[in-house]
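Submitted below is the structure of interest, expressed as structure tokens.
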Amino acid sequence: MITNMTSGLDFQAKALVLRAERQRVIASNIANADTPGYVARDLNFKDAMLQATGADSSSGLRTGNSNSQGGGANGMTHPHHIALSGGAGASLGGSSHLAYTVQSQPSLDGNSVDLDRERANFTDNAVRYEATLRFINGQSKTLLSAIQGQ
């Protein structure tokens, strides 16, 4: 019974951790906007969330991410490639879903960061992070009201 009551909170908590991980990756891209040769990365939130919730039923090559190169998870282009691992969010599948972003405007120094796109992604992710926090707050208040019998 307690599992049913907290499953919503658990889902939102995992989403919050993944949103924070994506925010960190985007902030790293923005910080390295002037670094020669830096290749921008991004987190495939959908795949990471599916893996974190255990709903990841796909195996092999995935091509659902239009924002990353390599077509599949971890930038793999072939199902027999070895997946990359490690990093801060690996326990929730965060860093395992890091992919390289598609370079929209080639630069002479090899840097692939598009500042306008990164700023837009940063703002979008911040809004979604805030929404997730509000969901958690609302569910907590609902549980508290139920416990107190109000």
Side-chain angles (χ1 to χ4, degrees), residues 2-105 107 109-143:
I2 191 75
T3 305
N4 292 337
M5 289 179 10
T6 60
S7 65
L9 281 174
D10 187 43
F11 178 82
Q12 296 296 340
K14 288 176 182 174
L16 192 66
V17 170
L18 290 174
R19 288 276 171 221
E21 177 68 15
R22 185 163 189 243
Q23 202 74 352
R24 186 192 63 75
V25 170
I26 295 170
S28 175
N29 289 341
I30 292 172
N32 288 296
D34 294 329
T35 304
Y38 182 80
V39 180
R41 313 260 340 237
D42 199 2
L43 178 92
N44 187 339
F45 183 80
K46 180 182 175 185
D47 287 346
M49 195 65 198
L50 285 173
Q51 185 179 13
T53 58
D56 191 12
S57 61
S58 63
S59 62
L61 184 66
R62 284 181 264 168
T63 59
N65 186 5
S66 63
N67 199 21
S68 64
Q69 285 183 324
N74 305 324
M76 296 186 307
T77 57
H78 192 274
H80 297 291
H81 288 170
I82 298 172
L84 299 174
S85 63
S91 62
L92 285 176
S95 65
S96 66
H97 290 280
L98 282 181
Y100 295 102
T101 59
V102 176
Q103 189 173 10
S104 60
Q105 223 173 4
S107 63
D109 63 357
N111 188 310
S112 68
V113 176
D114 181 358
L115 264 179
D116 292 332
R117 183 176 55 196
E118 296 300 330
R119 286 184 191 127
N121 287 342
F122 190 88
T123 303
D124 177 67
N125 197 56
V127 168
R128 292 175 190 266
Y129 184 90
E130 177 70 23
T132 304
L133 276 176
R134 289 180 187 253
F135 284 130
I136 290 173
N137 192 21
Q139 287 179 342
S140 299
K141 285 182 180 176
T142 302
L143 283 174

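What you are looking at is a predicted structure, and each value in this text was computed from that prediction instead of being measured. Both backbone and side-chain heavy atoms feed into the values below; hydrogens, waters and symmetry mates do not.
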(request) First locate atom OG1 of Thr142, then atom CG of Leu9, and finally report the distance between them rounded to the nearest 0.5 Å. (result) 9.5 Å

(message) Taking CZ in Phe45 as the centre, count heavy atoms belonging to other residues, nucleotides or ligands within less than 6.0 Å. Is the count above 12?
(response) yes

(message) Show the nearest heavy-atom pair for residues Ala33 and Asn111, with the distance to one decimal.
(response) O-ND2, 3.0 Å

(request) Only counting residues at least two apart or in another chain, list the ones meeting side chain to side chain contact (heavy atoms under 4.5 Å, CB included) with Leu16. (result) Tyr129, Thr132, Leu133, Ile136

Counting only pairs under 3.5 Å, give me each side-chain donor-acceptor contact of residues 25-32, with atom names and distances, residues two or more places apart or in other chains.
residue: Ser28; atom: OG; partner: Tyr38; partner atom: OH; Å: 3.3
residue: Asn29; atom: OD1; partner: Tyr38; partner atom: OH; Å: 3.0
residue: Asn29; atom: OD1; partner: Arg41; partner atom: N; Å: 3.1
residue: Asn29; atom: ND2; partner: Arg41; partner atom: O; Å: 2.5
residue: Asn29; atom: ND2; partner: Glu118; partner atom: OE1; Å: 3.3
residue: Asn32; atom: OD1; partner: Thr35; partner atom: OG1; Å: 3.1
residue: Asn32; atom: ND2; partner: Ser28; partner atom: O; Å: 2.9

(message) If I compare all heavy atoms of Ser112 with all of Ala40, which pair ends up nearest, and what's the gap?
(response) OG-N, 2.8 Å

(request) Mind checking the CG-CZ spacing from Asp124 to Arg19? Nearest 0.5 Å is all I need. (result) 7.0 Å

(request) To the nearest 0.5 Å, tell me how far Lys14 NZ sits from Gln51 CD. (result) 11.0 Å

(message) Quick check: do Arg22 and Asn121 have side-chain heavy atoms less than 4.5 Å from each other?
(response) yes

(message) Please enumerate all residues that pass salt bridge (charged side-chain N to carboxylate O under 4.0 Å, His left out) together with Asp34, with sequence neighbours excluded.
(response) none

